[in-house]
Amino acid sequence: MIDIRLLRDNPDAVRASQQARGADLSLVDAALAADDRRRSSLAQFESLRAEQKSMGKQVAQATGEEKAALIGRSKELAGQVKEHQGAANVAEAELDELLYRIPNLVDGAPAGGEENFVTLKTVGTPRDFAAEGFTPRDHLDLGESLGAIDTARGAKVSGSRFYFLTGVGARLELAILNAAMDRALAAGFTPMITPTLVTPDTMRGTGFLGEHADEIYRLERDDLYLVGTSEVALAGYHGDEILDLSDGPRRYAGWSACYRREAGSHGKDVRGIIRVHQFHKVEMFSYCPVDDAAAEHQRLLAWEEAMLAAVELPYRVIDTAAGDLGSSAARKFDCEAWLPTQERFLELTSTSNCTTFQARRMNVRERTEGGTRTVATLNGTLGTTRWIVAILENHQQADGSVRVPEGLRPYLGGLEVLEPVR
RNA sequence: GGAGACGUCGCAUAGUCUGGUCUAGUGCGCCACCCUGCUAAGGUGGUAACGGGGCAACCCGUUCGCGGGUUCAAAUCCCGCCGUCUCCGCCA
């Protein structure tokens with residue numbers, strides 16, 4: 001949720017942001033009008049209520065006929081109070097509904113849609129397989145011959161876009177996630193294993209029930225949602241709390257299963273485990289003073305890049321365009337690894353600065369000398385199941401084996417090469 | 001799944017039976033000042049959040065788990081929900 005005071009004081013900034021995102025401009029004026037209605041109806045209610053309260057005190061002290069007369073007058077007043085209270089509540093609900101639909105203010109992201117991203121840097125060089133004298137195999141091909149990935153049985157058991165990680169595949173995923181957890185711990189993050197089912201309030205508060213509602217699994221019987229990322233639980237973790245951030249940001253590394261319906265992605269990335277309904281992820285999450293948020297964003301990006309370096313992948317960093325940001329994000333950087341068989345980059349990490357947008361909805365504040373203020377929240381990926389795809393493809397060898405990058409060897413019992421089993 | 005107890009402004013608790021002076025008391029903690037030649041102890045005052053108004057001092061409103069209801073008036077009475085604890089049942 002954006003700050004209503006910002007909307008009042010500087011509606012043009014909100015308009016400019018809506019413009020950059022290609023979002024609805026009329027929401028701005030609608031919300032301003034609703035705010036006016038809310039304030040005037042609230043003022044009416046409050047003055048009537050003040051009168052009612054003072055009369056209540058007189059009633060309490062009066063006796064006999066005088067009391068009866070006062071009660072008579074109070075009754076009339078009570079009716080009016082109720083009426084205006086109702087009006088104020090309606091006005092407030094209308095404002096909330098409008099504010100909920102306005103996404104976060106864009107901060108520094110390039111204008112335009114998905115294709116208008118800016119490449120900030122490219123790191124490493126993709127291998128030249130032609131020069132090496134063989135044609136690279138894709139991750140599923142490799143995964144099957146290594147006995148690491150079984151999508152056929154995944155589909156048999158659970159349907160399309162499900163898979164089993166088997167043998168060395170399961171070990172490889174654990175290695176990636178454990179390496180991510182260890183690196184986060186070393187950087188001062190608090191490791192967390194989070195709930196993956198959350199209440200509607202939590203899901204709404206984190207901003208995932210807006211335009212992405214179709215992406216989310218819901219358990220109707222229990223009125224719970226399956227999270228698409230531990231960000232949801234971690235953002236809810238300090239909900240309705242006032243934090244002390246004087247010693248710096250609170251950083252959490254969440255480990256969880258993630259569930260995505262992939263409703264709008266029919267026909268996209270159908271082969272292998274690039275785009276699946278369930279995977280695992282280690283996610284960094286930071287509660288941070290708002291003036292430190294941009295710097296914290298850079299720190300999260302740096303931790304992501306260090307993890308990519310540890311698994312020795314060539315990648316680029318992109319600055320996502322405004323129209324491609326989630327509703328909570330003011331700015332987003334993705335790290336995309338090179339995928340040799342598709343000759344394109346594949347998103348492996350994504351870090352968003354949500355400024356105060358998410359924290360305002362979740363009501364997370366910090367104590368400062370001047371009182372309380374809403375904190376900023378940021379998140380970023382440190383490792384996922386999908387990394388297996390890039391690791392297998394980039395480190396494959398002519399004989400069908402896959403070299404284990406040094407950063408993962410300690411997590412695979414020193415294993416240096418994954419050998420085909422068939 | 002069943003029964004019971006409980007949920008109060010950082011923490012602990014009073015207040016609920018018997019509705020009104022609750023503008024929510026007290027202790028602890030915290031902050032400021034005073035006193036004390038150091039320390040310990042003591043004294044005085046202050047100390048919830050949110051919203052609206054005001055240059056400001058300040059004023060008004062909301063919030064006693066959440067949502068309804070009764071009433072002129074609800075922390076207090078009634079209903080529903082959520083959570084915690086205890087016991088029972090069931091499952092691992």
Side-chain angles (χ1 to χ4, degrees), chain A residues 1-9 11 31-100 102 194-195 197-206 209 218-225 232-233 236-247 250 287 289-290 356-375:
Chain A
M1 193 155 68
I2 63 164
D3 187 351
I4 182 67
R5 291 194 188 90
L6 175 77
L7 181 69
R8 271 180 218 150
D9 298 345
L32 282 170
D35 182 44
D36 275 346
R37 285 198 302 279
R38 166 178 162 270
R39 278 191 288 171
S40 69
S41 64
L42 198 59
Q44 286 181 53
F45 158 68
E46 285 183 355
S47 69
L48 280 165
R49 183 72 171 140
E51 200 181 333
Q52 183 190 36
K53 283 175 76 168
S54 79
M55 198 166 278
K57 276 171 199 153
Q58 294 174 48
V59 170
Q61 285 167 357
T63 51
E65 278 178 37
E66 193 194 355
K67 184 163 189 162
L70 281 169
I71 286 178
R73 267 192 281 148
S74 293
K75 272 187 185 173
E76 287 175 40
L77 199 52
Q80 290 175 39
V81 167
K82 202 161 221 175
E83 192 180 313
H84 283 85
Q85 184 171 33
N89 286 346
V90 167
E92 176 124 32
E94 283 170 358
L95 175 62
D96 281 351
E97 149 73 16
L98 285 162
L99 279 182
Y100 186 80
I102 299 178
T194 65
L197 286 167
V198 299
T199 62
D201 280 350
T202 303
M203 197 53 106
R204 183 169 312 122
T206 49
L209 277 193
R218 170 156 185 247
L219 300 185
E220 187 144 6
R221 218 177 131 106
D222 300 289
D223 202 15
L224 290 169
Y225 292 92
V232 176
Y237 187 69
H238 284 303
D240 293 321
E241 293 182 23
I242 301 173
L243 304 175
D244 178 2
L245 297 182
S246 54
D247 292 334
R250 296 260 196 130
Y287 293 90
V290 67
T356 58
F357 186 87
Q358 200 172 50
R360 187 169 294 103
R361 280 185 178 173
M362 296 308 299
N363 192 26
V364 186
R365 291 160 289 166
E366 64 167 323
R367 199 168 296 284
T368 64
E369 281 176 28
T372 65
R373 73 175 173 181
T374 305
V375 304

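Note on naming: letters A, B, ... go to the chains in the order of the sequence lines (proteins, then strands), and numbering restarts at 1 for each one.
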Would you give a per-nucleotide map of nucleotides 79-85 of chain B, 5' to 3', where B means the base has a protein non-hydrogen atom under 4.0 Å away, S means only the sugar-phosphate does, and - means neither? -------
Those residues that, when tested against Thr372(A), pass side-chain hydrogen bond (donor to acceptor under 3.5 Å, both in side chains) (two or more places apart): none
Could you tell me the separation between the CD1 atom of Ile242(A) and the P atom of C30(B), rounded to a whole number of Å? 19 Å
Steps toward side chain to side chain contact (heavy atoms under 4.5 Å, CB included) verdict (Thr356(A), Val375(A)): CA-CA 6 Å; Thr356(A) 58; Val375(A) 304; over 6 Å; no
So does Arg365(A) get a side-chain nitrogen or oxygen closer than 4.0 Å to the phosphate oxygens (OP1/OP2) of C50(B)? yes
Considering Watson-Crick and G-U wobble pairs with both distances under 3.5 Å, what does G7(B) pair with? C82(B)
In the strands shown, is U70(B) matched to any nucleotide by a Watson-Crick or G-U wobble pair with both distances under 3.5 Å, and which? none
Rounded to whole angstrom units, what separation is found between the CD atom of Glu241(A) and the P atom of G65(B)? 18 Å
Evaluate side chain to side chain contact (heavy atoms under 4.5 Å, CB included) for Tyr100(A) paired with Ile2(A), printing each intermediate quantity in order. CA-CA 8 Å; Tyr100(A) 186 80; Ile2(A) 63 164; over 6 Å; no
Separation between the C1' atoms of C17(B) and C35(B), rounded to whole Å: 47 Å
Considering only the P atoms, how many Å lie between C66(B) and C11(B), rounded to the nearest integer? 14 Å
Base partner of G51(B), which must satisfy Watson-Crick or wobble distances under 3.5 Å: C60(B)
Counting any heavy atom closer than 4.0 Å, what does Ser47(A) reach on the DNA or RNA strands: base, sugar-phosphate only, or nothing? nothing
Counterpart base for C22(B), defined by Watson-Crick or G-U wobble contacts under 3.5 Å: none
Between Arg365(A) (side chain only) and Ile242(A) (backbone N and O only), is there a donor and an acceptor less than 3.5 Å apart? no
Rounding to an integer number of Å, can you tell me how far Glu46(A) CD sits from G53(B) C1'? 9 Å
Any residue meeting side chain to side chain contact (heavy atoms under 4.5 Å, CB included) with Glu241(A), in chain and number order, not counting sequence neighbours: His238(A), Leu243(A)
For residues 41-51 of chain A, please give each side-chain donor-acceptor pair under 3.5 Å, one per line with the distance, not counting sequence neighbours.
| unit_1 | atom_1 | unit_2 | atom_2 | d |
| --- | --- | --- | --- | --- |
| Ser41(A) | OG | Arg37(A) | O | 3.0 |
| Ser41(A) | OG | Arg38(A) | O | 3.1 |
| Gln44(A) | OE1 | His84(A) | NE2 | 3.0 |
| Ser47(A) | OG | Gln44(A) | O | 3.2 |
| Arg49(A) | NH1 | Gln52(A) | OE1 | 2.6 |

Between Glu51(A) and Arg373(A), just flag the one whose closest nucleotide in RNA chain B comes earlier from the 5' side. Arg373(A)
Please give, in whole Å, the distance from C50(B) P to Arg360(A) CZ? 12 Å
Taking it one step at a time, do Asp35(A) and Leu7(A) satisfy side chain to side chain contact (heavy atoms under 4.5 Å, CB included)? CA-CA 10 Å; Asp35(A) 182 44; Leu7(A) 181 69; 5.8 Å; no
Round to a whole Å and report the spacing from CG of Asp240(A) to C1' of C9(B). 15 Å
Looking at every heavy atom in both Arg373(A) and Val290(A), which two are closest together, and how far apart are they? NH1-CG1, 4.0 Å
Does C87(B) have a Watson-Crick or wobble mate here (both distances under 3.5 Å), and if so which one? G2(B)
Where along residues 35-44 of chain A does a heavy atom fall under 4.0 Å from RNA chain B? Arg38(A), Arg39(A), Leu42(A)
Taking the C1' atom in each of C85(B) and G65(B), what is the distance between them to the nearest angstrom? 15 Å
Does some side-chain heavy atom of Glu366(A) sit less than 4.5 Å from a side-chain heavy atom of Asp244(A)? no
For the student: nearest non-hydrogen atoms of Thr194(A) and Ala233(A), plus distance: CB-CB, 3.7 Å
Taking ring pair (Phe, Tyr, Trp, His ring centres under 6.0 Å) as the test, write out the residues that go with Tyr225(A), two or more places apart. none
Just jot down the side-chain hydrogen bond (donor to acceptor under 3.5 Å, both in side chains) partners of Arg361(A), sequence neighbours excluded, or say none. none
Pairwise N/O distances under 3.5 Å, protein to nucleotides 75-77 of chain B:
none

Nucleotide N/O of nucleotides 69-73 of chain B paired with protein N/O under 3.5 Å:
| unit_1 | atom_1 | unit_2 | atom_2 | d |
| --- | --- | --- | --- | --- |
| C72(B) | OP1 | Lys75(A) | NZ | 3.2 |

When both hydrogen-bonding distances must be under 3.5 Å and the geometry is Watson-Crick or G-U wobble, what is U16(B) paired with, if anything? none
Base-pairing mate for C33(B) - Watson-Crick or G-U, with both contacts under 3.5 Å: G43(B)
Ala31(A) and Leu95(A): which non-hydrogen atoms are nearest, and at how many Å? O-CD1, 3.5 Å
To the nearest Å, give me how far apart CZ (Arg361(A)) and P (C50(B)) are. 20 Å
Just jot down the side-chain hydrogen bond (donor to acceptor under 3.5 Å, both in side chains) partners of Gln85(A), sequence neighbours excluded, or say none. none
Rounding to an integer number of Å, can you tell me how far Lys53(A) NZ sits from U63(B) P? 8 Å
Between CE of Met1(A) and C1' of C50(B) the distance, given in whole Å, is 12 Å
Can you name the side-chain hydrogen bond (donor to acceptor under 3.5 Å, both in side chains) partners of Arg367(A), sequence neighbours left out? none
Phosphate-side-chain proximity, Arg367(A) and A49(B), N/O vs OP1/OP2 below 4.0 Å: yes
Considering residues at least two apart in sequence or located in another chain, which fulfil the side chain to side chain contact (heavy atoms under 4.5 Å, CB included) criterion with Leu224(A)? Leu197(A), Thr199(A), Asp222(A)
Interatomic distance at P, A57(B) relative to C82(B), whole Å: 45 Å
Identity of whatever pairs with A92(B) - Watson-Crick or G-U, under 3.5 angstrom: none
